[in-house]
Amino acid sequence: MNAGVWENLYLSLQKPQLDPVITGFNANIDRIIPVTNALLSTFEQQAVPGCDAILDRLKQSMRYCSADEVFIREPALYQKLSELFSPSGTLTLGGQAGIAAVHLRSLGIPSVTCAVPGAGPRTCALLQNGGVNPLTFEPGAGNRPDITHLIFEYPPGLVPLADQVIPRSNRFIVSPVHDASTVIIPEVSVNSFREQIIACRRAFLSGYQYLKTEPEFVTAARQIRLIRGVHPLMRTHVECVSGADRKVMEMMLRHILPATDSIGLNERELGLFMHALRAPGPADVALLPYSPVACVRDAIALADATGVSRVHLHTFGYYILILKSGTSEPEVSRNALLLAARITASKAGVGEQILSREGLLAYDAVKKEFGPDEAPGIFRHDDRVVVLVPTCISPTTHKTTGLGDILSSTAFAADRF
């Protein structure tokens, strides 16, 4: 483990000039709730139907220190859960598009637009307060009520950990199912939308887990291609989530992912997609972490299956990029990952940042399998470029919510491919 090479690379980083960005389509309010033993007891004592299953899922997430999300399809049940936890936690802007938009604007990007069809008034206000232009596609901005998600942030150790799990803070999300209209631009607004984003060169897109029917997925994919066609230098990125069901994963594989340039996901989401590609029937993906070499191989397989130019896998301690040869500048792409790691660590906690030991071990394992590297962290495999960087981490984590969106949007906006 040659930590000195990576320390020097981190020290020599410079933030590149970043172009205007459009994000879409999910922005909402997050209620951030710290998990304690008392809160777990509150869960256990509730007679609300479905609470037991949610508690079991929360404890599974905590045993594996793995982020997870569950979608509640019954509005009445979600309303009861919201009321149960309404005295708890703090409210902040949420949703992948919302979090990424405000974050990217804070990096100094001159113009960030967030497409949020039908967003509520408080959501729009939080976007505007962050210097972001919200597009609601309605005559009066914020005509719909705000949607609040429940984000349970937990430290390791409140429940016994599974074998081989690396202790770390993480989160468990309980969300209502949004209407598909929150993801699709109204047809009457498509032309004006295109005109409003004509200066953008990056589009960070999300929320496709809320689509239900094949025609909705077809329409959403067509709109991604429309965004890609704004300018020859425009690139689109789709950020994935863990809680989508098998049908949604299959529709994303069939329609959404082949329509975009770039995919962002974690190892659990990678496992769900690979299961949908390889095996019939319900998904049953273990939460135990992949090996780094297995992560690389499956990320390459996902890139091959969807035809995308860029797959960004972010997991604890290291990030992986799979790029098409000849479509990128590998050292620029690697440095974009390093920049994202440094910025994300600063958002996660305080104190002097350190190199992840797990990341250094992952680099050694991938180098042994795919090496030698042509430059630190850059490998060639058939017609793919494989990039792996160990992350820098904060020794004191006080936040986990939104970190994946921050790191993924930073790496995407700073990349050149």
Side-chain angles (χ1 to χ4, degrees), residues 25-100 102 116 118-123 126 144-156 158-159 169-179 182-183 206-207 209-210 239-245 248 266 268-269 287 348 397-406:
F25 292 97
N26 57 339
N28 52 260
I29 305 298
D30 279 348
R31 183 177 296 280
I32 311 295
I33 304 167
V35 177
T36 61
N37 286 319
L39 182 132
L40 292 175
S41 296
T42 299
F43 249 124
E44 290 168 350
Q45 294 166 11
Q46 293 307 310
V48 177
C51 244
D52 289 346
I54 294 171
L55 178 60
D56 289 345
R57 187 88 168 258
L58 167 61
K59 287 184 174 179
Q60 175 178 261
S61 174
M62 294 171 70
R63 279 195 295 273
Y64 290 92
C65 295
S66 175
D68 196 8
E69 182 171 7
V70 61
F71 295 107
I72 306 299
R73 301 189 179 279
E74 300 81 13
L77 172 56
Y78 190 78
Q79 180 64 29
K80 289 180 181 178
L81 289 169
S82 294
E83 292 171 355
L84 177 62
F85 294 103
S86 61
S88 307
T90 56
L91 297 177
T92 186
L93 180 67
Q96 292 162 302
I99 292 168
V102 170
V116 279
R122 185 165 187 174
T123 303
L126 288 170
R144 296 189 184 185
D146 287 292
I147 299 173
T148 301
H149 293 202
L150 304 177
I151 317 293
F152 296 94
E153 287 198 325
Y154 57 80
L158 291 177
V159 301
S169 300
N170 221 318
R171 72 243 177 242
F172 174 74
I173 305 172
V174 181
S175 304
V177 175
H178 297 204
D179 189 81
T182 62
V183 185
S206 56
Q209 65 271 21
Y210 300 124
E239 191 70 9
C240 303
V241 298
S242 300
D245 64 27
V248 168
N266 62 30
R268 177 172 173 79
E269 291 149 8
L287 288 173
T397 299
H398 62 73
K399 172 183 178 177
T400 64
T401 302
L403 293 182
D405 309 319
I406 288 169

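Because the structure is a prediction, the values reported are computed rather than measured.
The closest donor-acceptor contact from the side chain of Q96 to the backbone of C240 lies under 3.5 Å. For D179 (side chain) and T182 (main-chain N/O), no donor-acceptor pair under 3.5 Å exists by modelled atom type. In this structure, R31 contributes its side chain and S86 its backbone to a donor-acceptor pair below 3.5 Å. Using modelled atom types, one side-chain atom of N26 and one backbone atom of A97 make a donor-acceptor pair closer than 3.5 Å.
A centroid separation of less than 6.0 Å is found between the aromatic rings of F43 and F85.
The 12-atom threshold is exceeded at CZ of R57, counting heavy atoms of other residues, nucleotides or ligands nearer than 6.0 Å.
A pairwise comparison of heavy atoms in V241 and E69 identifies CB-OE1, 4.1 Å as the closest pair. The nearest pair of heavy atoms linking Q209 to F71 is CG-CZ, 3.7 Å. Nearest heavy-atom pair, P176 versus T148, reported as atom, atom and distance to 0.1 Å: CD-O, 4.1 Å. Looking at every heavy atom in both residues, L84 comes nearest to P87 through O-CD, 3.6 Å. The shortest non-hydrogen separation linking A348 to L403 is CB-CD1, 3.6 Å. Shortest non-hydrogen contact noted between A100 and D405 is CB-O, 4.4 Å.
The distance from the CZ atom of F172 to the CG atom of L55 is 9.0 Å, given to the nearest 0.5 Å. Remark: H149 NE2 to L91 CG distance equals 12.5 Å, nearest 0.5 Å. Summarising the geometry, atom CD belonging to E153 is positioned 5.5 Å from atom CD1 belonging to I32; distances are rounded to the nearest 0.5 Å. Rounding to the nearest 0.5 Å gives a distance of 5.0 Å between CG of L150 and OG of S82. In this structure, CD1 in I72 is found 13.0 Å from CD in Q79, a value given to the nearest 0.5 Å. In this structure, L126 CG and I99 CD1 are separated by 11.5 Å, a value rounded to the nearest 0.5 Å.
Using a 4.5 Å heavy-atom cutoff, the side chains of I29 and T123 are in contact. Side-chain contact between L58 and L40: present, with at least one pair of heavy atoms (C-beta onward) separated by less than 4.5 Å. Counting heavy atoms from C-beta on, the side chains of V183 and H178 never come closer than 4.5 Å. S61 places a side-chain heavy atom less than 4.5 Å from the side chain of Y154. Annotation: side chain of S175 is not in contact with side chain of I147 (no heavy-atom distance under 4.5 Å).
Between E74 and K80 there is no salt bridge, since none of the side-chain N atoms of the basic residue sits less than 4.0 Å from a carboxylate O of the acidic one.
Residue D30 is tested with L93, I173, T92 for a side chain to side chain contact (heavy atoms under 4.5 Å, CB included); the sole match is T92.
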